[in-house]
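Inspection log for the structure reproduced underneath, given as structure tokens.
Each ligand, and each atom within it, is numbered from 1 in the order the structure gives. In what follows, residues are counted from 1 in the order of the sequence shown.
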Amino acid sequence: MHPMLNIAVRAARVAGTIIMRGYETRDELTLEQKGAHDFVTQIDKDAEQAIIEKIQQSYPDHAFIGEESGTTGENEYTWIIDPLDGTTNFIKGIPHFCVSIALLHKGRLEQALVFDPLRSELFTAGRGTGAQLNGYRIRGTQPKDLSNTVLATAFPFKDKSTFPAYNQTFCKIFAASGDVRRSGSAALDLAYVAAGRYDGYYERGIKPWDVAAGELLVRESGGIVTDFKGNNDPLNKGEIVAGSPKVIRGLVSHLKNL
Ligand code: IPD
Ligand code: CA
Ligand code: CA
């Protein structure tokens, strides 16, 4: 494993311990509202702080973009961190959330991990070295079309005025596919695409920390990642489609006009 990814794994495990402790005592947590239907807990903040401190012990000059603390420093190496992806699940006691950490070098995704502390599942990827789950190679699926796929998506809960348009497209995608899930963790959705558990995923309204690690995981597992029009480099576009080339083609044919 690349030394920088190794440090990120250690940082994710520290965050995982904080998250699990918080999960067991979540009734005592105070919630802070960041926006419409968007909450943060002290656990999100503590986990992010712990990740940054752990990485800084080895790489004091690196820069960080964290969901909770914003941008710290400037460097050709920049870590993108979502300390707890699936906060609503965490708060409600739904056992589906994770830590997501990605490393950019000169703007290019180099290393990535998604860690599910409840299931002890660690998804890792390095550019050009494939994707792994707990050290074993993973590959995405290669369906011939959408017909028997199990897809994942997310409802636009932060801006419900966009729901009617989203729903029109959803109806078409649902009709064309086998079934569709909404899990509440974009980072895990992408890790599951990389692991072949979901055949594809799409969402609008995401931030770089939701999807940076998942993007590299999907690419290194043989899939591709685009925006709703099928263009590359979705990280800063606020929307993402992931899956095999044929799944992307099927999804983008519906999503391109949304
Ligand atoms: C959210 C989750 C959710 C997705 C949202 C994200 P958070 O992240 O990934 O599944 O639909 O777009 O904001 O707030 O739990 O870190
Ligand atoms: Ca997130
Ligand atoms: Ca988060």
Option set Asn89, Ile240, Thr153, Asp85, criterion heavy-atom distance to atom 1 (C) of ligand 1, minimum: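 Nearest option to atom 1 (C) of ligand 1, by heavy atoms: Asp85.
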Shortest heavy-atom approach to atom 6 (C) of ligand 1 - which of Val211, Asp82, Asp210, Asp189: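 Nearest heavy atom to atom 6 (C) of ligand 1 lies in Asp210.
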Shared hydrophobic cluster for [X] and [Y] (ILVMFWY, side-chain gaps under 4.5 Å):
X      : Y      : value
Ile173 : Ile248 : yes
Ile7   : Phe115 : yes
Val225 : Ile101 : no

Salt-bridge present (Glu68, Lys34; N to O < 4.0 Å):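 Salt bridge between Glu68 and Lys34, a charged N being under 4.0 Å from a carboxylate O: yes.
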So, does [X] sit close enough to ligand 1 that a heavy atom of it is under 4.0 Å from the ligand?
X      : value
Lys158 : yes
Leu84  : yes
Phe155 : no

Region of Arg182 engaging ligand 1 - heavy atom pairs below 4.0 Å: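 For Arg182, only side-chain atoms sit under 4.0 Å from ligand 1.
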Residue portion contacting ligand 1 (non-hydrogen atoms closer than 4.0 Å) for Phe157: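 Just the side chain.
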Heteroatom test (N, O or S) for Leu84 near the Ca ion (ligand 3), limit 3.0 Å: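 Within the cut-off used here (under 3.0 Å), Leu84 does place an N, O or S atom near the Ca ion (ligand 3).
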Polar side chain donor-acceptor pair, Asp189 to Ser183, under 3.5 angstrom: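 Yes, side-chain donor-acceptor contact under 3.5 Å.
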Residue and atom name of the nearest protein heavy atom (relative to atom 12 (O) of ligand 1), distance in Å to one decimal: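 Sorting protein heavy atoms by distance from atom 12 (O) of ligand 1 puts Glu203 OE2, 2.5 Å first.
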Nearest neighbour in protein (non-hydrogen) for atom 3 (C) of ligand 1: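 For atom 3 (C) of ligand 1, the nearest protein heavy atom is Gly184 O, 3.6 Å.
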[X]: which N/O/S atom is nearest the Ca ion (ligand 2)?
X      : answer
Asp82  : OD2
Asp85  : OD1
Asp210 : OD1

The Ca ion (ligand 2) reached by Glu67 (N, O or S, under 3.0 Å):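 For Glu67, the answer is no, given that no N, O or S atom comes within less than 3.0 Å of the Ca ion (ligand 2).
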Qualifying residue, where the test is side chain to side chain contact (heavy atoms under 4.5 Å, CB included) with [X] and the options are [options]:
X      : options                : value
Ser100 : Leu113, Asp210, Asp82  : Asp82
Leu190 : Ile240, Leu217, Val114 : Ile240
Leu5   : Gln111, Arg10, Glu110  : Gln111

Would you mind listing which atoms of ligand 1 come within a distance below 4.0 Å of any non-hydrogen atom of [X]?
X      : value
Thr87  : 15 (O)
Ser185 : 9 (O), 10 (O)
Ala154 : 11 (O)
Gly86  : 7 (P), 15 (O), 16 (O)

Heavy-atom neighbours of Asn148 CG exceed 12 at 6.0 Å: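 Open: at most 12 neighbouring heavy atoms sit under 6.0 Å from CG of Asn148.
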Inter-residue atom distance Thr226.OG1 - Glu239.CD, 0.5 Å rounding: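 Answer for the OG1-CD pair, Thr226 versus Glu239, is 8.5 Å.
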Aromatic ring proximity, centroids under 6.0 angstrom, Phe228 and His254: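 No, the ring centres sit 6.0 Å or more apart.
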